[in-house]
Amino acid sequence: MKSIMRADVVVVGAGSAGSAAALLCARRGLSVLCLDRRPIEQAGARWVNGVPGWMFDWAGIGRPGVPELLSAGEPFHMFAGWGPERLVVREHDVLEVDMRQLVSRLQGEGEAAGVRFLGEVQVYRFDGKWLHTSLGAIGARFVVDASGLVGAGLLGRPGIEREHLCVAAQEVRAIREPGAARDYFASHKVPIGDTACFTGVEGGFSVLNLKVHAGTVSILTGSIPALGHRSGRRMLDDFVREQPWVGERIFGGSLAIPLRRPFERIADGKVALLGDAACQVFSAHGSGVGAGLVAARLLADALATGKGTHGYALSWQRRWGGLLAAYDLFRRFSQTVSVDELAAMFDHGFVDMATALEGLEQRMPGVDPALIAGKLRAGMRNVAIAARLAPVVARMMLVRLLYRQFPARPELVPKWSRQVRRLFGESEADPVPNSRRAFGV
């Protein structure tokens, strides 16, 4: 078979995770081709995302500056429902990033490092040597599937049940009536410029997040429609209709986000999964941008040093997989929590500013004696919630330990995967192949 081109690494998907992987592989001396089904300038997310700054640092990617960076570190008011109960995190390292600008920067730096980007390319399959595409066959030593939730499916990815899919929407809109906007935030005692985050307003796992910046308002919504709730898209549209101070749309979008733990099998032979395609998402609040950047670095390191795709899986699962899997257990618990129970968790100290900060920054809370003592006191004040939460916390600890034991030998991964599924209370049978249909966005 005649190949139209060859590369050490072919990345399928030119969004933030795929473009970061392409850039980092090229920086390490590998030849890289990056493909996307859309025009390259339209690839990736087209809205605003919160990304912890430390994740840029860890991935070896420069932190964003203006205009890519919209804001950083302003106080974050997390409400139980519509309040008034809240927690306020006054200092944090979460950056509000215009994803259009971030993806463009990663692509530009990638091109400068030697990456070749090609848009409007359909990918069909990989036979172990040739990647079959609408351009013809492409020779590749390694193929990275960073094509998202319903993309190329080059590893025959397992299905994701609808109760583990968040439909989120985010838009930046003009403010039509500045005085009315100030009144709205004042009614919730949130200063203009701070973030107001209303949680649990459309089921246990749901959010309506608002922030004013430079004459615009950023609106982020998300929920799990399969549980009988309005989708994030509908939540956003309803909010805009109900608030006349919100003006015309400037930019934004909507997407289904996988909330489950990372797939146990993210690499096989010459193929690796990355980003949403690997379910590398911090499911407690549905953000996967930072995790994709971190995973891109681990992947580039493994391929450049001869450790291959399993070396990538080994380093990812042992170092970061357990963190995301543990928070997935907490997310599943949060889906069952009512607004009144969430308010009680705030009031009694089950969730406090320290744990809220760790969640925002996508870190695991440290083992602090004072923190543990506070949680024990909270348990004595509300035994019912403590009885429900204690086994979740115990399983979070166990799952982290299990991920640290991810097998160094690929043939042992299926056995390890069965242990993970048992800990999550799932069937040991392999999940069905994933469908490529849209998920109600």
Side-chain angles (χ1 to χ4, degrees), residues 15-17 20-21 49-52 54-56 58-59 94 145-146 148-149 155 157-158 160-161 163-166 168 205 207 222 224 255-267 272-299 302 312-335 355-366 392-407 413 416-417 419-426 431 434:
S16 57
N49 236 307
V51 186
W54 71 264
M55 290 179 144
F56 286 99
W58 201 94
V94 178
D145 186 350
L149 180 63
L155 272 186
R157 290 171 288 175
I160 302 175
E161 299 85 352
E163 59 266 30
H164 301 310
L165 284 171
C166 169
F205 180 92
V207 66
I224 303 178
L255 186 70
I257 300 171
L259 296 177
R260 77 181 306 280
R261 66 187 180 275
F263 289 138
E264 288 91 59
R265 179 171 169 253
I266 61 170
L273 303 183
L274 183 71
D276 280 9
C279 285
Q280 290 167 330
V281 174
F282 189 80
S283 64
H285 49 62
S287 175
V289 177
L293 299 180
V294 167
R297 173 195 157 175
L298 293 175
L299 176 61
Y312 153 65
L314 181 67
S315 58
W316 164 264
Q317 300 286 28
R318 287 189 174 183
R319 185 155 191 173
W320 303 109
L323 171 72
L324 299 193
Y327 270 102
D328 183 37
L329 286 167
F330 183 81
R331 184 271 307 175
R332 295 176 188 222
F333 165 77
S334 76
Q335 289 179 198
T355 53
L357 174 62
E358 299 292 354
L360 276 177
E361 295 186 348
Q362 302 184 35
R363 305 177 191 267
M364 185 62 73
V392 176
V393 173
R395 284 199 296 154
M396 290 174 70
M397 296 172 66
L398 288 173
V399 80
R400 291 203 74 198
L401 291 173
L402 184 55
Y403 269 75
R404 289 172 184 163
Q405 298 168 19
F406 182 82
V413 172
W416 175 84
S417 180
Q419 293 175 317
V420 173
R421 291 201 290 273
R422 282 198 296 269
L423 191 54
F424 274 77
E426 298 171 354
N434 192 15

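Just so we're clear, the structure is a prediction, and the values are computed from it rather than from any experiment.
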| How far apart are the C-alpha atoms of Leu298 and Trp320, what are their side-chain angles, what is the distance that settles it, and do they pass the side chain to side chain contact (heavy atoms under 4.5 Å, CB included) test? | CA-CA 10 Å; Leu298 293 175; Trp320 303 109; 3.5 Å; yes
| request: Please step through side chain to side chain contact (heavy atoms under 4.5 Å, CB included) for the pair Arg363 and Trp54, ending with a clear verdict. | output: CA-CA 10 Å; Arg363 305 177 191 267; Trp54 71 264; 3.0 Å; yes
| Worked verdict on Leu329 versus Val399 for side chain to side chain contact (heavy atoms under 4.5 Å, CB included) | CA-CA 9 Å; Leu329 286 167; Val399 80; 3.9 Å; yes
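Here NE2 of His164 is found 7.0 Å from CD of Gln335. Values are rounded to the nearest 0.5 Å. In this structure, Met364 CE and Thr355 OG1 are separated by 12.0 Å, a value rounded to the nearest 0.5 Å. Put simply, CG on Leu155 and CZ on Phe263 are 10.0 Å apart, with the number rounded to the nearest 0.5 Å. Atom-to-atom distance recorded for Ser417:OG and Glu426:CD is 9.0 Å, nearest 0.5 angstrom. In this structure, CD in Gln405 is found 7.0 Å from CG in Leu401, a value given to the nearest 0.5 Å. Interatomic distance, OG of Ser315 versus CZ of Arg297, reported as 9.5 Å (0.5 Å rounding).
The two residues Leu259 and Leu165 have their closest heavy-atom pair at CD1-C, 4.4 Å. Residues Phe406 and Leu314 come closest through the heavy atom pair O-CD1, 3.5 Å. Between Gly275 and Ala17, the closest heavy-atom pair is CA-CB, 4.2 Å. The minimum heavy-atom distance linking Leu293 with Ser16 is given by the pair CD2-O, 4.1 Å. Of all non-hydrogen atoms in Pro258 and Cys279, the two that sit nearest each other are CB-SG, 3.6 Å. Summarising the geometry of Gln362 relative to Pro52, their closest heavy-atom pair is NE2-CD, 3.5 Å, with the distance given to 0.1 Å.
Tyr312 places no side-chain N or O within 3.5 Å of a backbone atom of Ala295 that could act as its donor or acceptor partner. Using a distance-only test at 3.5 Å, with no hydrogens or angles considered, a donor-acceptor pair links the side chain of Arg395 to the main chain of Leu423. Of the possible donor and acceptor atoms, none in the side chain of Trp316 sits under 3.5 Å from a partner among the backbone N and O of Leu274. Within the 3.5 Å criterion, the main-chain N or O of Phe205 finds no donor-acceptor partner in the side chain of Arg331.
Taking the side chain as every heavy atom from C-beta outward, Ile266 and Gln317 approach each other to under 4.5 Å. Contact annotation: the side chain of Arg261 approaches that of Val420 to within less than 4.5 Å [non-hydrogen atoms, C-beta and beyond]. For the pair Leu402/Gln419, a side-chain contact is recorded, criterion being any heavy-atom separation below 4.5 Å from C-beta on. Inter-residue side-chain proximity for Ile160 and Leu149 is flagged as met; some heavy-atom pair is nearer than 4.5 Å. Within the 4.5 Å cutoff, the side chain of Val281 has heavy atoms near those of the Ile257 side chain.
Using a 4.0 Å cut-off between charged side-chain N and carboxylate O, Glu264 and Arg421 make a salt bridge.
Only one option out of Asn49, Leu360, Val51 pairs with Val94 in a side chain to side chain contact (heavy atoms under 4.5 Å, CB included); it is Leu360.
Tyr327 and Phe282 have tilted rings, their planes meeting at an angle from 30° to 60° on a 0 to 90° scale.
Residues Trp416 and Tyr403 place their aromatic rings such that the two centres sit under 6.0 Å apart.
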